[in-house]
Amino acid sequence: MMKPSLPKGIRDFLPVEVLKRKYIFDTIEKVFRKYAYIAIETPTMENLDTLTGKYGDEGDQLLFKVMNNGDFLRKSDAEAFKEGDSLRFASSISKRGLRYDLTVPFARYVVMHQNDISFPFKRYQIQPVWRADRPQKGRYQEFYQCDVDVVGSESLMYEAELVKIYDEVFSELRLEVEIKVNNRKILAGIAEVSGLSDHFMEMTVIIDKLDKIGSEKVVEQLQGLHISEDTARGIISLIGAKSLDELSLAFRDSGVGQAGIEELKTFHSYFDLLECNNKVVFDPSLARGLSYYTGCIFEVKSLETEMGSIGGGGRYADLTSNFGLKDMPGVGVSFGAERIYDVMEELGKFPEDLSIAPDLLFVCFDQAGHLKAFQYCAELREKGLVCDVYPDHGKMKKQMKYADSIGVKYVGIIGDEELASGTVMLKNMRSGEQDAVIIEDLLMKIRMDYLNADSFKI
RNA sequence: GUGGUUGUAGCUCAGUUGGUUAGAGCGCCUGAUUGUGGUUCAGGAAGUCGUGGGUUCAAAUCCCAUCUUCCACCCCA
């Protein structure tokens with residue numbers, strides 16, 4: 001016998017966990033649909049060349065590759081094998097991979113189906129993705145992403161709409177968050193006025209760590225890009241700006257910086273018309289690693305717990321040009337469902353009445369009772385009651401113990417007396433009380449109990 | 001990918017400087033109770049000590065490798 005196990009970083013889910021996860025997904029999906037986004041799905045596997053080169057070298061390392069079928073060794077790159085070049089050899093025996101995120105497959109989808117969809121195209125997608133990352137807190141090799149994007153429009157109306165969607169979902173989940181907003185053009189402006197335009201990516205990676213490693217370390221690392229300490233400190237003060245006005249003076253010689261300010265002002269002209277429950281703050285230090293963002297960027301942090309970001313997104317000017325379609329701007333955000341789950345679990349924010357237990361379980365003593373229970377159960381199911389029949393008659397203790405362990409709210413006992421009188425001995429498993437109820441009244445009796453007592457909430 | 005950490009019964013964990021037959025609690029099964037669960041009592045089943053090597057008269061215990069867990073870094077949701 002083999003010991004059962006799972007590959008690292010991936011998980012099973014118990015019924016109660018599935019229920020909680022569904023609660024999160026359903027909440028998110030409901031809001032997506034309300035804002036007129038529609039669902040699409042893309043396959044688990046993509047061609048490897050669709051995925052490679054889109055996430056940087058690090059991303060390529062983290063792609064799960066699927067080995068070719070058939071006599072793949074014959075066609076493999078023997079030279080790469082001899083040289084011990086894993087990456088090159090792998091690509092010679094693997095032409096497919098598991099999707100790494102939902103955005104790149106979406107870009108591929110938009111290009112392939114451009115004649116079948118109308119723009120602006122508002123889509124959402126809730127599906128698992130896979131990364132061969134080393135697992136740790138809030139980080140798994142298989143996890144769900146919940147993406148909403150709109151492609152085919154440059155309107156900053158959508159930025160406002162997406163921030164509102166964040167606010168609405170997290171309000172619904174009763175999580176207090178801070179939604180950070182910035183614009184890549186602000187960062188480009190900072191790079192420009194600091195003489196770092198050629199090291200833009202490196203600069204953003206460093207300043208993104210500001211709240212993690214502190215300003216001194218950031219200054220130190222920025223100087224590694226061959227700028228003076230004064231310039232580095234200048235960058236710190238720019239990304240510490242609290243308002244757009246503070247930046248506009250600094251950006252008087254930076255066209256891109258000014259464009260960033262304009263975009264954020266336009267964003268606000270829409271966004272300020274909306275009611276929001278959560279804090280939405282301008283944070284010039286927000287960078288986001290993904291290189292395809294070109295305009296506004298967003299990140300959501302939980303205010304109640306120490307968790308990394310639980311959502312992020314932004315605008316990209318030309319996501320689809322990789323696949324041969326120009327001038328297709330888009331903007332989108334993603335919800336980190338796994339981390340949201342962990343945060344909600346930690347804070348005890350799941351609703352108390354999420355229940356996986358049936359309303360009623362029939363138990364009985366002999367075959368005649370069992371058949372009657374089976375019949376009653378079918379009738380009650382027709383009327384919408386979630387009920388079940390214990391599969392074996394006989395040992396009452398065993399049946400009751402099962403009823404208790406699944407948390408069922410009522411047990412219906414059927415024995416000789418009940419058969420003779422057309423009743424069911426209805427036992428309330430919370431209170432322990434029981435009464436003989438004629439079968440016609442059973443459903444009503446249960447419904448009345450439900451209305452009168454909230455004792456059924458777990 | 002780098003560094004650290006963890007693994008003993010279904011679960012949570014004890015297990016002394018290496019030394020008889022590896023323990024506990026919970027859970028599970030049986031009975032006290034042949035029409036009643038969640039309480040109590042009595043009894044019982046259950047472990048190749050992650051896996052593979054090595055050292056030793058002797059290894060859960062020491063050494064090496066490997067897998068896994070969790071954590072930090074890199075990066076990210």
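Side chains are part of it too, since the values below use all heavy atoms of this structure and drop only hydrogens, waters and symmetry mates. Since the structure is predicted, the reported quantities are computational estimates derived from the model, not experimental observations. Labels below follow one simple rule: chain letters A, B, ... track the order of the sequence lines, proteins then strands, and each chain is numbered from 1.
Taking atom C1' on both nucleotides, U48(B) is separated from U8(B) by 12 Å, rounded to a whole Å. Straight-line distance between the C1' atoms of G50(B) and U69(B): roughly 11 Å, to the nearest whole Å. Nucleotides C76(B) and C29(B) are separated by 48 Å at their C1' atoms, to the nearest Å. Comparing G15(B) with U21(B), their C1' atoms sit 15 Å apart, to the nearest whole Å. With C1' as the reference atom, G3(B) and A60(B) are 27 Å apart, rounded to whole Å. Between U39(B) and G27(B), the two P atoms lie 7 Å apart (nearest whole Å). Atom name P, nucleotides U40(B) and G25(B): the rounded distance is 13 Å, in whole Å. For the P atom pair drawn from C75(B) and G18(B), the interatomic distance equals 44 Å after rounding to whole Å.
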Distances under 3.5 Å only, N/O to N/O: pair up the protein atoms with those of nucleotides 32-35 of chain B.
from, atom 1, to, atom 2, distance (Å)
G35(B), O6, E417(A), N, 3.3
G35(B), O6, E417(A), OE2, 3.4
G35(B), N1, E418(A), OE1, 2.9
G35(B), N1, E418(A), OE2, 3.1
G35(B), N2, E418(A), OE2, 2.8

Collect all protein-nucleotide pairs involving nucleotides 66-69 of chain B in which both atoms are nitrogen or oxygen and the distance is under 3.5 Å.
from, atom 1, to, atom 2, distance (Å)
U69(B), OP1, G9(A), N, 3.2

When you compare the protein's N or O atoms with those of nucleotides 48-53 of chain B, which come within less than 3.5 Å of each other, and at what distance?
none

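One interatomic measurement links the two molecules: OH of Y55(A) to P of G1(B), which rounds to 20 Å at whole-angstrom precision. Q145(A) has its CD atom 7 Å from the P atom of A77(B), to the nearest Å. Atoms CG (D208(A)) and C1' (A77(B)) sit 14 Å apart, rounded to a whole Å. For the pair W130(A) CH2 and C75(B) C1', the interatomic distance rounds to 21 Å; values are reported in whole Å. Rounding to whole angstrom units, CZ of residue R139(A) and P of A77(B) are separated by 9 Å. Distance K209(A) NZ to A72(B) P: 16 Å, rounded to the nearest Å. Summarising the geometry, the separation between CG on L102(A) and C1' on C76(B) is reported as 14 Å, rounded to the nearest angstrom. Rounded to an integer number of Å, the gap from CG of D60(A) to C1' of C76(B) is 15 Å.
When heavy atoms are screened at a 4.0 angstrom cut-off, G311(A) is found touching the sugar-phosphate backbone but no base atom. Within the nucleic acid shown, G432(A) comes within 4.0 Å of at least one base atom, counting heavy atoms only. Nucleic acid contact for S334(A): none, since no nucleic acid atom lies under 4.0 Å from a heavy atom of the residue. Using a 4.0 Å heavy-atom cutoff across all strands shown, V205(A) reaches sugar-phosphate atoms only and no base atom. Using a 4.0 Å heavy-atom cutoff across all strands shown, Y402(A) reaches no nucleic acid atom at all.
Checked against a 6.0 Å centroid threshold, the rings of F350(A) and Y341(A) count as neighbours. Side-chain rings of Y144(A) and F335(A) stay apart, their centers remaining 6.0 Å or farther from each other. Checked against a 6.0 Å centroid threshold, the rings of Y124(A) and F32(A) count as neighbours.
The base of G37(B) is paired with the side chain of K427(A) by a donor and an acceptor separated by under 3.5 Å. In terms of polar N and O atoms assigned as donor or acceptor, the side chain of D404(A) never comes within less than 3.5 Å of the base of G38(B) in a complementary pairing. Judged by distance alone, with hydrogens and angles left aside, R134(A) brings a side-chain donor or acceptor within reach of the base of G3(B), the pair sitting under 3.5 Å.
For RNA chain B, each stem of at least three Watson-Crick or G-U pairs (distances under 3.5 Å) is given as range with range: B:1-4 with B:70-73, B:10-13 with B:23-26, B:28-32 with B:40-44, B:50-54 with B:62-66.
Near RNA chain B, meaning a heavy atom under 4.0 Å from it, residues 12-33 of chain A has no residue at all.
For E79(A), the CD atom is loosely surrounded, since the number of other residues' heavy atoms within 6.0 Å does not exceed 12.
Taking only side-chain nitrogens and oxygens, Q136(A) comes nearer than 4.0 Å to OP1 or OP2 of A72(B). For R288(A) and A77(B), the shortest distance from a side-chain N or O to OP1 or OP2 is below 4.0 Å. OP1 or OP2 of G37(B) has not a single side-chain nitrogen or oxygen of K398(A) nearer than 4.0 Å.
Across D147(A), D101(A), T103(A), a single residue satisfies side chain to side chain donor-acceptor pair (under 3.5 Å) together with S334(A), and that is D147(A). The side-chain contact (heavy atoms from CB on, under 4.5 Å) with V424(A) is formed by just one residue from the set L360(A), V411(A), I414(A), V437(A); it is I414(A).
Note that CG of L173(A) and CG of L347(A) are 11.5 Å apart. Values are rounded to the nearest 0.5 Å.
Under the 4.5 Å side-chain criterion, counting only non-hydrogen atoms from C-beta, K427(A) is not in contact with Y410(A). Two residues are said to be in side-chain contact when any heavy atoms from C-beta on lie closer than 4.5 Å; V16(A) and K20(A) meet this criterion.
Cation-pi check for R131(A) over Y100(A) is met; the charged atom lies under 6.0 angstrom from the ring centroid and within 45 degrees of its normal. Cation-pi geometry between R11(A) and Y140(A) is met: the NZ or CZ atom falls under 6.0 Å from the ring centre, inside 45° of the normal. R123(A) forms a cation-pi arrangement with F106(A), by the criterion of a distance under 6.0 Å to the ring centre and an angle within 45° of the ring axis.
For S405(A), the side-chain contact (heavy atoms from CB on, under 4.5 Å) partners are Y402(A), not counting sequence neighbours.
Between the side chains of E176(A) and S302(A), no donor-acceptor pair of N or O atoms lies under 3.5 Å. Looking at D60(A) and T52(A), their side chains never bring a donor and an acceptor atom within 3.5 Å of each other.
Between E418(A) and K372(A), none of the side-chain N atoms (NZ, or NE/NH1/NH2) sits under 4.0 Å from a carboxylate O, so this pair counts as no salt bridge.
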